[in-house]
Amino acid sequence: MVDLRSDTVTRPSAGMRRAMLEAELGDDVFGDDPTVNRLQERAAAIFGFEAALLFPSGTQSNLAALMSHCQRGDEVILGQEAHSYRYEGGGLAVLGSIQPQAIANRPDGSLDLAEVEAAIKPDDPHFARTRLLALENTIGGRVLQRKYLGEAIELARRKGLATHLDGARIFNAATQLGMKVKDLCAGFDSVSACLSKGLGAPAGTVLLGSKAFVGKARRARKILGGGMRQAGILAAAGLYALEHNVERLAEDHRNAGELARGLAQLGLPVEQHTNMVFVRLPDADAQPLFRHLEKQGVTVLPGPRMRLVTHLDVDAAGIERALDAFRTYFRK
Ligand SMILES: Cc1ncc(COP(=O)(O)O)c(C=O)c1O
């Protein structure tokens, strides 16, 4: 089986499972799970923040961050394509009473900072209070450059806004840029980084920020039902992931490059960004191709703009098998 639906489909490796089995545990709601505490300290050091907090999911981490930055009736500026705007069930409005001000993402995934500035509301009772600028890196696999991030942070500071980065795949961005995440994320007030995507943990996201911010986020996490007890089992997987699965992300990017090249040779319009490949298919082919690939043991999400994602459970041979399955369909 070659599963290209997402980098979330990975199964914990034998080494990761062993680390989970052997984890020293406590009750993290009481703050005494030593493995959770170690993960949080390690993550804070890697990202260069005062503190970190473990969440079960990226969705909850983003929502807790937004709820910690914004009060009821406050506004966040973010992209139309932002995960926390588009793919998190509207949680910021449903549970946070936060108003989203969405701005179209440019083709490279960034927001036009002049548009961001124009969207910031003046202090007037007619308007929601604009409090936060939220960006995402990578976004649809695309990397936002450090220079752009610095300019966005500078604008937010000048306008008195806080900044949040959804860094679900921040290690992919850092790998692509050849930077440390610490340098790439410098200046953000908070960063959410998933352990369960390219890093291969079964669950878990860390939220980074100042001690005061993480104190607020801990309260939001409890309200959202994310206080976990012997969470060291998950934290052990996260620690293992940070230790063993960061450097190898370059291999996922290389595999995505091979996949993109092979698909382009079939005459298909292809884009590749980090570990994601997007291929545009003739409408009539989307469903039959999906069924053909499935029969060949290649799992994808169907659609006319098919997204294929590489990860640590797909090696170069798996990419070749996937390409063979595409070739037999298009050369039938
Ligand atoms: C950019 C981004 N942010 C946040 C999330 C949410 O993560 P989770 O699935 O752990 O809730 C995802 C999940 O795919 C994502 O791609």
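The shown structure was predicted, so the numbers you read here are calculated from the model rather than taken from an experiment. Ligands are counted one by one from 1 in listed order, and the atoms in each one are counted from 1 as well.
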Top protein contact for [atom], by heavy-atom distance:
| atom | value |
| --- | --- |
| atom 8 (P) of ligand 1 | Gly58 N, 3.4 Å |
| atom 7 (O) of ligand 1 | Lys197 NZ, 2.9 Å |
| atom 12 (C) of ligand 1 | His83 NE2, 3.2 Å |
| atom 16 (O) of ligand 1 | Arg169 NH1, 2.8 Å |
| atom 1 (C) of ligand 1 | Glu136 OE2, 3.1 Å |
| atom 3 (N) of ligand 1 | Asp166 OD2, 2.6 Å |

Quiz prompt | Aromatic ring proximity, centroids under 6.0 angstrom, Phe213 and His69 | solution =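 Between His69 and Phe213, the centre distance is under 6.0 Å.
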
Quiz item: Can we call the ring centroids of Phe47 and Phe171 under 6.0 Å apart?
Solution: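 They qualify: ring centres under 6.0 Å apart.
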
Exercise. May I ask whether Glu88 places a heavy atom under 4.0 Å from ligand 1?
Key: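 The answer is yes: ligand 1 sits under 4.0 Å from a heavy atom of Glu88.
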
Quiz item: Side chain, backbone, both or neither: which part of Ile139 comes within less than 4.0 Å of ligand 1 when only heavy atoms are counted?
Solution: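 No part of Ile139 comes within reach of ligand 1.
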
Using a strict threshold of under 4.0 Å (side-chain N to carboxylate O), is an ion pair present between [Y] and [X]?
| X | Y | answer |
| --- | --- | --- |
| Arg261 | Glu258 | yes |
| Arg229 | Asp27 | yes |
| Asp28 | Arg221 | yes |

Quick check on contacts: which atoms of ligand 1 are under 4.0 angstrom from a heavy atom of [X]?
| X | result |
| --- | --- |
| Ser57 | 10 (O), 11 (O) |
| Thr59 | 6 (C), 7 (O), 8 (P), 11 (O) |
| Ala168 | 1 (C), 2 (C), 3 (N), 15 (C) |

Practice problem: Would you check if the side chain of Thr35 reaches a backbone N or O of Gly232 as a donor-acceptor pair within less than 3.5 Å? | Solution: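 Absent.
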
Practice problem: Give a yes or no answer on whether the side chain of Arg305 reaches the backbone of Gly303 with a donor-acceptor pair at less than 3.5 Å. | Solution: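 Absent.
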
Quiz item: With side chains defined as the heavy atoms from C-beta onward, is the minimum distance between Val214 and Glu50 less than 4.5 Å?
Solution: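 They are not in side-chain contact.
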
